[in-house]
Structures are given as C-alpha cells and as structure tokens.
Asks: 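Before we start, here is the structure in question, set down as structure tokens.
In what follows, residues are counted from 1 in the order of the sequence shown. Heavy atoms only: backbone and side chains are in, while hydrogens, waters and symmetry mates are out.
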Amino acid sequence: MRKRPQVASASSSSSEAKTKAADEEIETTMASDNEYVRSAKRSGFVWMIAFLTAMYSAWSVYYYQYQNLPPPLTAEQAGKRGFSEIEAMKHVKALTDLGPHPVGSDVLDQAVQYVLTASEEIKKTSHWEVDVEVDFFHSKSGANRLVSGVFKGRTLVYSDLSHVVVRILPKYVSEAGENAILVSSHIDTVFSAEGAGDCSSCVAVMLELARGISQWAHGFKNAVIFLFNTGEEEGLNGAHSFVTQHPWSSTVRLAIDLEAMGIGGKSGIFQAGPDPWALENFALVAKYPSGQITAQDLFSSGAITSTTDFQIYKEVAGLSGLDFAYTDNSAVYHTKNDKLDLIQPGSLQHLGENMLAFLLQIGPSSHLPRSNAVEEEGKTDHEAAIFFDILGTYMILYRQRFANMLHNSVILQSLLIWTTSLLMGGYPAAVSLALSCLSAILTLVFSVSFSAVVAFILPLISSSPVPYVASPWLAVGLFAAPALLGALTGQHLGYIALKRYLANLYSKRKQLSPVIQAAVIKLEAERWLFKAGFVQWLILLLLGNYYKIGSSYVALVWLAPPAFAYGLLEATLTPVRLPRRLKLATLLIGLAVPILISAGSFIRLAGIIVAIVVRLDRNPGGTPEWLGSVILAVFIAVVISLTLVYLLSYVHLSGAKRPIVLATCVLFGLSIVLVLSGTVPPFSEDTARAVNVVHMVDATGRFGGKSEPSSYVALFSTTPGKLTKEVEQIKEGFECSRKNVIDFVTFSMEYGCLTFNDTESGWSQSDIPTIHVHSDAKVDEGITQVSIDLKGSIRWILAINAEEIEDFTFKEAEESEELVPVGDKTSLDGWRIIQYSGGKNAPTKFDMTLIWTKNSTRSTRNVDGQKDEQHLLLKLRTDFNRLTPKVEKILSKLPPWCAVFGKSTSPQTLSFLNSLPVNY
C-alpha cells in the first residue's frame, strides 16, 4: 500500500523531467530558429563600408599604378652612366621654345639642327671603347602603301625629309655592326602644337639615353641605333624612308618606338611583338614596368583610330619590338596645350630608367630575334604573349599557349562544377540558375539603359553635349550614379523573381516553419545572385578564349578568385543543409585580386574615352552629338554591372537599398546642377575644344563654267556640339549651318560656320593648283595622261575615282622613275587616295597615268555643269601653313576654351580645292 504513492511520485517526476526537457528543446529550437531568422538580415552600415572600401581600393590602385612617378634625378644624382630627367627636360624646353615645327617649315630645320648638335656632343663625350656615328640623312622621294590601320587604302608619298641617325657600338666587337637595336621617335609636330609631349619628350629621352648608352656600349654585342626622324605626323614617312633607304636599316633586328598620345605620366607598352622576346626581357629588368595588352587589343581592333611608326617597322620591315606611349592628358593631343608646363615631374625619369635597364639587358645579348618576311595582314609565325602590370611594379607575362591551357582548365573545371551542382540540385537548381542569369542580364540592361538615357538627354539640356571634358570626375555623377542605380534595379528584379520561384518551391515542403522558410528563401536567393557573377564571367572567358583575345585575362581574374573564395568559405556538398548568409570574408577575399589587377585599367580607359571625345567627330557634324557620351556611358555601365555583381548581391539582405538610391540620386542631381548652371564649364584653357580655322579657296567650279573661285573662312570642330557660343564671341560674320557642307577630300564638314567677309586678301590666283589633261590620245586603250601643278604646295591630298579608274601611275614631272607603279592599289569609300608631304625643296609638279575601268561611264555622261561627287574623276586639296589676314584676325579672337587641332588629314590654315570631272 505504501509503494503506490511512491510509484505515482516517480511517474510524476519522470513526466516533469520530460516536460522540462521538451520545453528546453522547444526553447533551444526557438532560439535556433530566431538566430537563423536573424541571419537572414545584414547591416546596411556594414555593406556601405564594404562598398566604400571597394571604391577607395579601386581608386588607390589606379593612382599607384598610373600616377605614382619616380623622382626626377639631376645629372649628379644619375651619374655619368645613369638617366637624368633634369637634363632631358633641357632638350624638351629647347625644342618647344621653337614653337610648332611641322614638315616643310624653317622651324623644323632648326629642331633637326638642334638634335644633330646634341648628338655630336654625345659623340665627343663617349667612352673611349665606344664608337658613336652621327649621320645626317636626307631621304629621297618615296611612297608607302600600308595594308592596315588608319592609312589603309591610301598611298603615302613623301620627299625631301631629313633625319638624324646615331649609331652606338663597341669598337672591338666586329659583328656588332651587323646586329642592331633600333630606338626611334619623331622630331616633327603638327602645325597646331609645339609638341612637348608629342614628341619632344620622346626625343629628349632618346638623347639622354644615347648619352648613357655611349658610356656602356663597350660591353655590348649589338649596335644601338637612335633614329630621330621627321615626317611621322604626315603618314609615318620618316620611318618608311629609313627602312627602305638607309644602309643601316638592313642591320636592325629589333625596333623600339617611343610615342605620345597625350603628355606626361607613365609611358607604357601598348603594342608588342610579333615575337615576344623583347617583351619578356623588358619584363625581367624594367624598374617601373607599365603596359597592358588591353591597350594593344583596342589599338589593333581600330577602336582607337591612330597609328605610330611601329606599324612601319612591323609591317614593312618585318621587325618585332615594343611600342611605348604617353597617354596622360590625351585631350590636349595635337593642340596648343601640348606644352611643357603639363609634363608631370617624373614622367621622363620613368621611361628613361625603364629603357636604360632594357637596353643594358639586350645590348650584350647574342640572341636578338631575326626580322621576319613581311606577312599577310593578321598572320604571324610567332606566338603572342599576354602581358599586364600590377601597380606599375610587377609585370605578368605568359604566352598564348599557356593562356589557352590556363583558360581551358578554368573553363572545364567551372563546367564540371556547374554540371555536378545541377545534377545534385535537379530541376529546381536549373531553374534557379536560369533566373540568376536573368538577374545578371537585367542588371546589365538596366545599368546601360539608365546611363545611356542620360547621355541622350545631355545634348538637349546642356550648352555642350560633352560637359565633362575639362572635369572628367563629372562622369561619376552623370553616368556612374545612374548606372549603379540601374544595376541595383535590375538585380533587385532578378532577386524578386528568384524569391517568388523559391517561395513556390518551398511551399511544397512542410518540414519548415513559415518563418524559417522565409529566411531560407532570402538566403538562397542571395547565393544564386552571387553565383550569377560566375556565369557571366565564364561566358566572357569562353568568348575571349575562342577568339584569342589577350584581354581575356580580365574575365579570368574576375571569375577564379571569387569562385575560389566561395568554394572555400561557402560551398557544401550536403544538399540538406540550410543556406547561410554569405560571409563578408568571401566578398573581401574574392574581390581583392580582381580589384588589384584590373581596377586601375578600367578607370584609365574611362579617362581615355573622355579625352578621345574631344576629337571624336572625324567628319565634323556628321556624328550624332550624343554618340561620345553614349560610348562613355555604356562603357561605365558595363564595367559597373559586370564588376559589382558580387557586391550588389550582398545588399538585398540589408537596409542599404534606400540609402544607395538616395545617394545616387543626390550625386546625379548635383552633377546636373553643376552642368546646367555653368559652374563647371565643359572646356578650359588647358583642356580645350578642338577646332579648325581654315581660309578656303574653292576652285572646283572652274570646269563647270564658273569664272572665279569662291573664297571664305571655315570654322569647324571635331568635338561634338554647336559652335554658337564661339561664333558669338568671334563675330566676323560667321553663319553656322548643316547646309555648309565642304568636301575636304579625306573628310567632309557636315556642320560648320562660314564667313565670306574680307576673304580676298592673303592669297592669289597663282596659288590655285591646276589639273591638266596632258594627253588623251590613247582613249581607245583606256589610258589618260594628267599633269598636276601644286603651285608651291608641299602638302596635298588627291582622290581618284575608283569606279572610273582601275589603276594609275604617279611620278615627279620630268622624272622617269615612277614613285607609284601599277598594281597593289586599294580604295577608301570609292576613292583611291594619294597623300603627299615633303620638305621645303619637295617637288610641286607631277605626272599621272590614269587607267580607266572597262565599265567606265565617262562616255555615257553629259557635261551638264553638275559638280557632285558622282561626276568627279579627281579631287584635289592643297594646304599652306600660312596665315591670311582674315584667319589671323579670327585666331586672335578665338575663345580661350578653343584650340586649333591638327592631324595628317586635316587642312592647315590656308587650303585650295580643285577637281577634274569625269567628262573633262
């Protein structure tokens, strides 16, 4: 009887214990659930810190990689065998003090004489075991036809060019004279610039290098030839004349070209090869290596419409080598602002020390690459190399074969991982992957759309369609802010789509509470958005690898490190484990390498695009005003959407969306206010708008019955936008219109301003070139003899109608040797172009033989006085670097934010037009 209460008591105690245990388990479970739910949230403050850290890191990388220059050295600090920027800058000052020195000018003769004198001084102070030979080389007339690049389709003819050639070699190594390293740059400038950057800085570096090498070369096995040429600005003529005419050219085994497409900063490699030997040796010894294959890819693709002497050495001479260029302040290229004051201290020291170390490395080598037979365009027997520098301190270089192996390995591993993941996850994983890819597409589309809309609107609301030229940082507010907002919007839409699908998927699973289920959905969606970045960069790597694009390494570094960080810290092979919040460490580890390697280049490219906008309109008025801004906006948007895909995936669990939207809107609004108010002007005196002021004498109507040529002054700009503000300040009777179309032979002025007031002085009838049909006796054979008298012009362009003329020959009058024989002619937009430039004593009379096509239409045309292009057989423009009173007056009134721009195809300050109709 006494035991029953005890049993009841024991049973009660057991029940209480179980209840307590159950309660504790529930509490633990609830605590665990609450903790899991809390894990589905992220601090918005932490995300903002991560974002700002990434942006600051990107800017720091850019600054260190491109703006961190070595200190300039004095002659005492450099020593007799070193490189001194202070000494080199003396040469730059001497050359720029002369003013612009284009081909055919007296000033160019003075510049050449200065370089010759400086070279003779180097000879006097050289090491006693070193021979320094100085040759003043005067080239004969010649012609060049390039098969690629800017001058494709043109015949470049030159005459009366003078160069200074310095050969430095050891006295007691007999074979050194047969193996030479060529270092080349040009003395001449365009007519509109004194050329501190392009390329007096290069000439100065070469003179200081020659002085240093003259103290080292006794230990060399090869000669070093320094070519100071003229004629580069008018069609690479100086390099061509050296390669085809100078006796030392046959000994050259390697070519190094120094150029400038801006002024100052770091001079980096932007072209290399075809043989990577030189690049490999440079990477080994350069103290401050700088170079990006991305620049080479852009240059070779034609996206950057320019060319250098390196094309001659590579294409005509079949040489391998390196092409260096200054690219800072590219907006001042070929204008008055290419001046000494804008050269940053350390710019010449950077290039000089790199080049000196490089020449000391290869000078004693007995393994210089041999020149190659000239090959077809785009074909080479050499294996290309991938190269890029890290922070301007280290250069990474590997050959295309290794790149193929590396890329293929990463691609195959990625595909294997994705295949395994999809097989384990099944249909839900495949759908989630598709939706994550959709989010990446929406991110790109919305980012580009938001930014491009702003670019389209700018010409409508701003005084200039490119208001950011003088202040490139404005592009951050005008384009980067909308691009970021668009990227966030696009990814947010993808996030919503993913959540809806996952919610439908998890609603069929009853084992999770609604609260836990909601958290799981958010965390799972976050992970899929992060992994969408892997897919987009994998696709880009696949495409780049297939087309052998060197810049594919960018896709590699944005794929592999984030994927590695994710696999190390986040991935699991257990499908039943609930997803966790992405760790901040995953983001930091994953983005460290991509930012380090590529952030500086992205910012640099954006800056170069801003500068190129200044001279974007090759046919003034023929390009939509919004095009330059759209190109910049799209580039910025693409970079933001592709690179921020990982970072933005972290934002959806935080409360940072509203601050981001607010901050981007405020930044964009402030930028618009600055533009509309004129607080930040689009151009400045140092970063000016590119314009041309040309006194035109148009005699193209002389064959159509007009007795007198028309004379006027044309004002036009290669920078997008109207010239209303400029004309208001200049006055002088200018009228601007799109009806003022002028055919300058190599380009057309689709929009510009003309004035006919007081334009009859400063030129005479005797300046007008003439085209005379000398003999048409062989008309049945389809041959016509034509003579051209340029009336003193040593710079001119002739276009021959390719529909009517199958081929032609060209020679100097009263000379038997043909400069341009029959054969190997190409055309450009239906015209065969001859572009001529020569020295002061260049001939001005030429004879041509025109060979008509079999289906020529001249016999079916009527002479009706019409002078449009369809009826023209020849179009001729002659140029004079001469100021007429009207042009001089206009230039004196030119606003300070404008600068005259010059290039090989643009007219000088006085030009004459003439033509010959098909039915002459």
Side-chain angles (χ1 to χ4, degrees), residues 29-51 421-422 424-443 446 484-485 487-536 562 565-567 569-572 574-588 590 644-661:
T29 302
M30 290 177 65
S32 178
D33 289 352
N34 290 334
E35 183 182 349
Y36 187 78
V37 171
R38 283 195 300 271
S39 74
K41 296 180 181 180
R42 180 178 283 111
S43 169
F45 178 76
V46 171
W47 187 91
M48 291 298 292
I49 293 296
F51 176 78
S421 177
L422 292 176
M424 293 177 62
Y427 178 77
V431 176
S432 298
L433 174 62
L435 290 174
S436 67
C437 292
L438 175 63
S439 76
I441 295 171
L442 291 174
T443 301
F446 275 79
L484 177 59
L485 185 60
L488 180 60
T489 302
Q491 195 180 76
H492 180 68
L493 293 176
Y495 178 68
I496 292 173
L498 265 168
K499 283 207 309 180
R500 286 183 178 177
Y501 171 73
L502 293 172
N504 182 59
L505 179 66
Y506 281 102
S507 65
K508 301 173 184 178
R509 302 178 184 179
K510 305 300 183 181
Q511 63 269 37
L512 296 177
S513 67
V515 176
I516 297 297
Q517 190 179 105
V520 167
I521 290 169
K522 291 180 181 180
L523 295 170
E524 189 73 19
E526 178 188 60
R527 286 173 170 261
W528 279 110
L529 291 179
F530 189 88
K531 289 188 285 187
F534 304 158
V535 178
Q536 70 177 19
Y566 184 88
L569 301 175
E570 307 288 353
T572 176
T574 307
V576 296
R577 191 183 111 177
L578 293 179
R580 297 286 177 179
R581 184 178 63 192
L582 290 174
K583 300 177 180 67
L584 188 61
T586 304
L587 187 67
L588 297 178
L644 293 187
V645 62
Y646 302 116
L647 186 59
L648 288 178
S649 65
Y650 275 65
V651 78
H652 302 286
L653 298 185
S654 72
K657 288 181 185 177
R658 288 185 180 180
I660 293 171
V661 173

Asks: T443 vs V645, test: side chain to side chain contact (heavy atoms under 4.5 Å, CB included). Steps then yes/no.
Replies: CA-CA 8 Å; T443 301; V645 62; 5.8 Å; no

Asks: Restricting to non-hydrogen atoms, name the atom on Q491 and the atom on S649 that form the minimum distance, rounded to 0.1 Å.
Replies: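 That would be OE1-N, 3.2 Å.
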
Asks: Is any side-chain heavy atom of L502 closer than 4.5 Å to a side-chain heavy atom of S432?
Replies: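 The answer is yes, as the side chains (C-beta and beyond) meet within the 4.5 Å cut-off.
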
Asks: Using a 3.5 Å distance criterion without hydrogens, assess whether the side chain of Q517 forms a donor-acceptor pair with backbone atoms of Y506.
Replies: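 The answer is yes, because a donor-acceptor pair under 3.5 Å joins these two groups.
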
Asks: To the nearest 0.5 Å, what is the distance between CG on L435 and CD1 on I496?
Replies: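 Result: 12.5 Å between the selected atoms.
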
Asks: Show the nearest heavy-atom pair for residues A50 and L584, with the distance to one decimal.
Replies: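 Closest pair (atom of A50, atom of L584, distance): CB-CD1, 4.2 Å.
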
Asks: What's the verdict on side chain to side chain contact (heavy atoms under 4.5 Å, CB included) for L582 and Y566, showing C-alpha distance, side-chain angles and the deciding distance?
Replies: CA-CA 9 Å; L582 290 174; Y566 184 88; 3.8 Å; yes

Asks: Return the minimal non-hydrogen interatomic distance between S436 and A532, and the atom names on each side.
Replies: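 So the minimum-distance heavy-atom pair works out to O-CB, 3.3 Å.
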
Asks: Would you sort out whether V651 and S654 count as a side chain to side chain contact (heavy atoms under 4.5 Å, CB included), showing the intermediate values?
Replies: CA-CA 5 Å; V651 78; S654 72; 3.8 Å; yes

Asks: Looking at E570, is its backbone amide N or carbonyl O close enough to the side chain of R580 to form a donor-acceptor pair, meaning the two atoms are under 3.5 Å apart?
Replies: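 Here the side-chain-to-backbone pair does not exist.
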
Asks: Looking at every heavy atom in both G494 and L442, which two are closest together, and how far apart are they?
Replies: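 For G494 versus L442, the nearest heavy atoms are N-CD1, 4.1 Å.
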
Asks: Check whether Y650 reaches the backbone of K583 with its side chain - one donor and one acceptor, N or O, closer than 3.5 Å.
Replies: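 At least one qualifying donor-acceptor pair exists.
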
Asks: Measure the spacing between OH of Y501 and CG of N504 and express it to the nearest 0.5 Å.
Replies: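 The CG atom of N504 is 8.0 Å from OH of Y501, to the nearest 0.5 Å.
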
Asks: If you take all heavy atoms of I521 and A503, which pair is closest and at what distance?
Replies: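 What the structure gives for the nearest pair is CD1-CA, 3.3 Å.
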
Asks: Working to the nearest 0.5 Å, report the span between NE2 of H652 and NZ of K522.
Replies: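 The NZ atom of K522 is 12.5 Å from NE2 of H652, to the nearest 0.5 Å.
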
Asks: Rounded at 0.5 Å granularity, tell me how far CD1 in I660 sits from CZ in F51.
Replies: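 Answer rounded to 0.5 Å: 7.0 Å.
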
Asks: Show your working on side chain to side chain contact (heavy atoms under 4.5 Å, CB included) between Y495 and L653 and close with a plain yes or no.
Replies: CA-CA 11 Å; Y495 178 68; L653 298 185; 3.9 Å; yes

Asks: So, taking the atom named CZ in R42 and the one named CZ in R581, what distance separates them when rounded to the nearest 0.5 Å?
Replies: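 It is 5.5 Å, given to the nearest 0.5 Å.
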
Asks: Rounded to the nearest 0.5 Å, how far does CG of L648 lie from CG of L484?
Replies: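 Atom-to-atom, L484:CG and L648:CG are 6.5 Å apart.
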
Asks: Using every non-hydrogen atom in the two residues, find where V535 and C437 come nearest and quote the distance to one decimal.
Replies: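 Shortest heavy-atom contact: CG1-SG, 3.6 Å.
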
